[in-house]
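Some notes on the structure that comes next.
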Amino acid sequence: MSTVRTVRTGRIRLPHEVSASIVAFATVFLLLSPLHMPTWAIFITWAGTFLQGGPSIANAISMITATTTGAGFAVAAVLLNRETGTMFGTGEFAQTMALGVVIFFVNGTLLATGRLKPFALIPGMFFGFASTFATYFGGFGYDGGNLGAAFISAAAMCALGPLCAVLGLRLMFAPPPAPEPEQHHLTEEVAPSTT
């Protein structure tokens, strides 16, 4: 079976695997100097967009709000850990305990924030949180090791995920969906009962 199909309009329709791979290919160039962007964040939110039910304006707003909020919580966690990282001492176990306390409070606050309707996409907040941590501690972003640059880089890449989901579908060159036929409801007349 051929992977490229022609539709009745004569237009070529690419399989989603091909169109999505074209978009994915294009994102790789964001890794180059001087940007060094964390492109994996695009793929996390791209997949997350389909877990939400697919690309839509409402889903994009929800995902971008959540990931940016999560990235903000990651910044808060790093800043709190800088200030409290040695509160139990300077040994490895003591610093790990201090980090655990920070994570406990930041995570609890993030989850509680998810009770508010604009921030209800809690997995999206974790996408942004984890992407910011990976960007910061991995030295990615336009200024590796800079917390502000890590926030901007991760939030920007997370925001591109819903857009890439749309582009992957648009590049399929699929025709617009056909309008649904009108439903005509036929009613049967019921004869009165003679019994």
Side-chain angles (χ1 to χ4, degrees), residues 24 27-165:
T27 67
V28 171
F29 295 98
L30 294 169
L31 282 167
L32 293 173
S33 184
L35 296 177
H36 300 291
M37 288 295 176
T39 55
W40 64 83
I42 295 172
F43 300 107
I44 292 168
T45 57
W46 186 343
T49 298
F50 285 99
L51 286 174
Q52 289 178 281
S56 72
I57 292 173
N59 286 348
I61 290 169
S62 177
M63 181 64 73
I64 293 167
T65 300
T67 56
T68 304
T69 302
F73 275 105
V75 168
V78 170
L79 293 174
L80 284 169
N81 190 58
R82 283 181 187 171
E83 296 301 316
T84 63
T86 56
M87 68 181 168
F88 298 126
T90 58
E92 182 180 7
F93 182 76
Q95 289 182 347
T96 301
M97 283 295 296
L99 177 60
V101 170
V102 166
I103 294 298
F104 175 82
F105 284 106
V106 171
N107 187 60
T109 306
L110 181 149
L111 290 168
T113 301
R115 291 177 181 260
L116 303 172
K117 187 173 172 102
F119 309 104
L121 188 62
I122 293 173
M125 286 198 281
F126 279 104
F127 295 163
F129 189 97
S131 294
T132 302
F133 260 38
T135 302
Y136 177 66
F137 290 111
F140 286 88
Y142 61 88
D143 187 10
N146 179 306
L147 186 57
F151 169 80
I152 292 168
S153 300
M157 295 300 99
C158 285
L160 284 178
L163 173 63
C164 287

Revision key, fill the gap. In short, Ala165 meets Thr49 closest at the heavy-atom pair CB-CG2, 3.9 Å
Revision key, fill the gap. Nearest heavy-atom approach of Asn146 to Gly148 is OD1-N, 2.9 Å
Quiz: residues 76-91 side-chain donor-acceptor pairs under 3.5 angstrom, not counting sequence neighbours:
| from | atom 1 | to | atom 2 | distance (Å) |
| --- | --- | --- | --- | --- |
| Arg82 | NH2 | Tyr136 | OH | 2.8 |
| Thr84 | OG1 | Leu80 | O | 2.8 |

N/O donor to acceptor pairs below 3.5 angstrom from side-chain atoms of residues 104-123, sequence neighbours left out:
| from | atom 1 | to | atom 2 | distance (Å) |
| --- | --- | --- | --- | --- |
| Thr109 | OG1 | Phe105 | O | 2.7 |
| Thr113 | OG1 | Thr109 | O | 2.8 |

Review point. Between OG1 of Thr39 and CG of Leu31, what distance do you get to the nearest 0.5 Å?
Key: 4.0 Å
Check your understanding: Distance from Leu51 atom CG to Thr45 atom OG1, nearest 0.5 Å?
Key -> 11.0 Å
Practice item. Mind checking side-chain contact (heavy atoms from CB on, under 4.5 Å) for Phe93 and listing every partner two or more places apart, or none if nothing turns up? Key: Met97
Study note, to complete from the structure: Taken in chain and number order and not counting sequence neighbours, the residues that satisfy side-chain contact (heavy atoms from CB on, under 4.5 Å) with Ile44 are Trp40, Phe127, Ser131
Study note, to complete from the structure: The ring pair (Phe, Tyr, Trp, His ring centres under 6.0 Å) partners of Phe133 (sequence neighbours excluded) come to Phe129, Phe137
Pairs under 3.5 angstrom only: tabulate donor-acceptor contacts from the side chains of residues 151-164 to other protein residues two or more places apart or in another chain.
| from | atom 1 | to | atom 2 | distance (Å) |
| --- | --- | --- | --- | --- |
| Ser153 | OG | Ala149 | O | 2.8 |

Check your understanding: Is it true that a side-chain atom of Thr27 and a backbone atom of Ala24 form a donor plus acceptor pair closer than 3.5 Å?
Key -> yes
Check your understanding: Is it true that atom CD1 of Ile57 has more than 12 heavy atoms of other residues, nucleotides or ligands lying nearer than 6.0 Å?
Key -> no
